[in-house]
Peer 1: 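First the structure, which I've put down as structure tokens, then a few questions once you've had a look.
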Amino acid sequence: MLEKVIGKYGEANTYVISDHGEAIIIDPQSDYEQILWKVKKYAVKGIVATHGHSDHIGGIAELAVELQVPVMVSPAEQSFLTPLDQSKLPFLLKPIREGDVIQVGMQQWQVIDTPGHSPGGISLYSKEEKILICGDALFQGSIGRTDIHGSNWEVLRQTLREKIFTLPAETTAYPGHGPETTLEKELTENPYMDWIFEKRTPN
Ligand SMILES: [Zn+2]
């Protein structure tokens, strides 16, 4: 099951994936008490950060300490999470990379590198569930910003073309902000598709 938690501060979408009593938390925004309430019936295995931007990780430290679980994040993104001495972090950082599989109950969630909006952005994909949790790489009707520190339009374009839109069109994408969508819908309706597939730049 995939549940969305929207915090009272209106930051990023937090997702909880659960199966057979186990769960993982993805992108915990700072309203962590609501997330804790949502996961209290599960054995939480870890917290995944699709990337390290502040609106996606506001509740990460509180949840990791409270639940005693590791924080899974791409090595290229760890600097966002560890501005201070890493050895003094109150929780365990577990690097995840493309090809890793996160088991939740009977479900297997594949880690896919989806950089561009940020240098170490990752997505989680389940072929069986037909779900992609894509962070800020893709949104309904839009794509991630590439005008901020560490972002790169060419890299994001390659991610979208080679990593995301090569998945089955019926896949439902759950982005870091806004409503879910399907790849099929974005392929036909997203105004950035021409730029992504025809090498034109947005400007
Ligand atoms: Zn972001």
Side-chain angles (χ1 to χ4, degrees), residues 2 4-17 24-32 34-35 46-64 71-83 93-98 100 102 109 111-125 131-165 167 171-181 183 186 190-193 195-196 201-203:
L2 187 144
K4 181 167 161 179
V5 187
I6 297 175
K8 60 183 175 224
Y9 308 112
E11 303 166 278
N13 293 332
T14 297
Y15 297 107
V16 174
I17 295 173
I24 56 171
I25 299 165
I26 298 138
D27 288 355
Q29 27 78 16
S30 59
D31 188 4
Y32 67 91
Q34 198 192 151
I35 302 167
I47 299 167
V48 176
T50 60
H51 63 299
H53 288 160
S54 58
D55 50 338
H56 297 254
I57 60 167
I60 237 171
E62 287 85 353
L63 285 169
V71 170
M72 296 179 259
V73 61
S74 158
E77 212 70 8
Q78 285 187 10
S79 62
F80 287 97
L81 301 174
T82 58
L93 272 182
K94 188 174 169 189
I96 49 172
R97 299 177 173 81
E98 175 134 336
D100 287 349
I102 300 171
W109 290 83
V111 176
I112 303 174
D113 282 337
T114 51
H117 169 70
S118 65
I122 60 105
S123 295
L124 292 184
Y125 174 61
I131 288 174
L132 176 75
I133 296 171
C134 56
D136 287 357
L138 175 73
F139 301 115
Q140 185 195 71
S142 189
I143 58 172
R145 287 176 63 176
T146 54
D147 60 343
I148 47 180
H149 174 68
S151 66
N152 183 307
W153 156 249
E154 270 307 318
V155 174
L156 181 62
R157 188 169 71 88
Q158 196 176 356
T159 283
L160 291 163
R161 206 181 46 195
E162 297 176 9
K163 296 292 189 62
I164 291 184
F165 285 107
L167 298 173
T171 304
T172 301
Y174 287 82
H177 302 272
E180 58 269 27
T181 184
L183 297 186
E186 296 313 305
N190 191 306
Y192 288 90
M193 284 307 123
W195 291 320
I196 290 162
T201 58
N203 301 310

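Start at 1 and go down the list; that is how both ligands and their atoms are numbered.
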Peer 1: For the Zn ion (ligand 1), what is the closest N, O or S atom on D136?
Peer 2: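 Looking only at N, O and S atoms of D136, the one nearest the Zn ion (ligand 1) is named OD2.
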Peer 1: Return the name of the atom in H53, of element N, O or S, nearest to the Zn ion (ligand 1).
Peer 2: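 Atom name of the closest N, O or S in H53: ND1.
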Peer 1: Is the H56 to H177 ring centre distance short of 6.0 Å?
Peer 2: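 They qualify: ring centres under 6.0 Å apart.
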Peer 1: Is K94 atom NZ crowded by more than 12 heavy atoms from other residues, nucleotides or ligands, each under 6.0 Å away?
Peer 2: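 Open.
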Peer 1: Among T114, I143, T171, I196, find the residue that satisfies the side chain to side chain contact (heavy atoms under 4.5 Å, CB included) test when tested with I164.
Peer 2: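 Answer after filtering T114, I143, T171, I196: T114.
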Peer 1: Using a distance threshold of 2.8 Å, state whether an N, O or S atom of D55 lies below it from the Zn ion (ligand 1).
Peer 2: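 Short answer: no, not a single N, O or S atom is under the cut-off.
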Peer 1: Identify the two heavy atoms, one from Q140 and one from P179, that lie closest to each other, and give their separation to 0.1 Å.
Peer 2: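 Closest approach of Q140 to P179: OE1-CG, 3.5 Å.
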Peer 1: Decide, counting backbone as well as side-chain atoms, whether H51 has an N, O or S atom less than 2.8 Å from the Zn ion (ligand 1).
Peer 2: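 Within the cut-off used here (under 2.8 Å), H51 does place an N, O or S atom near the Zn ion (ligand 1).
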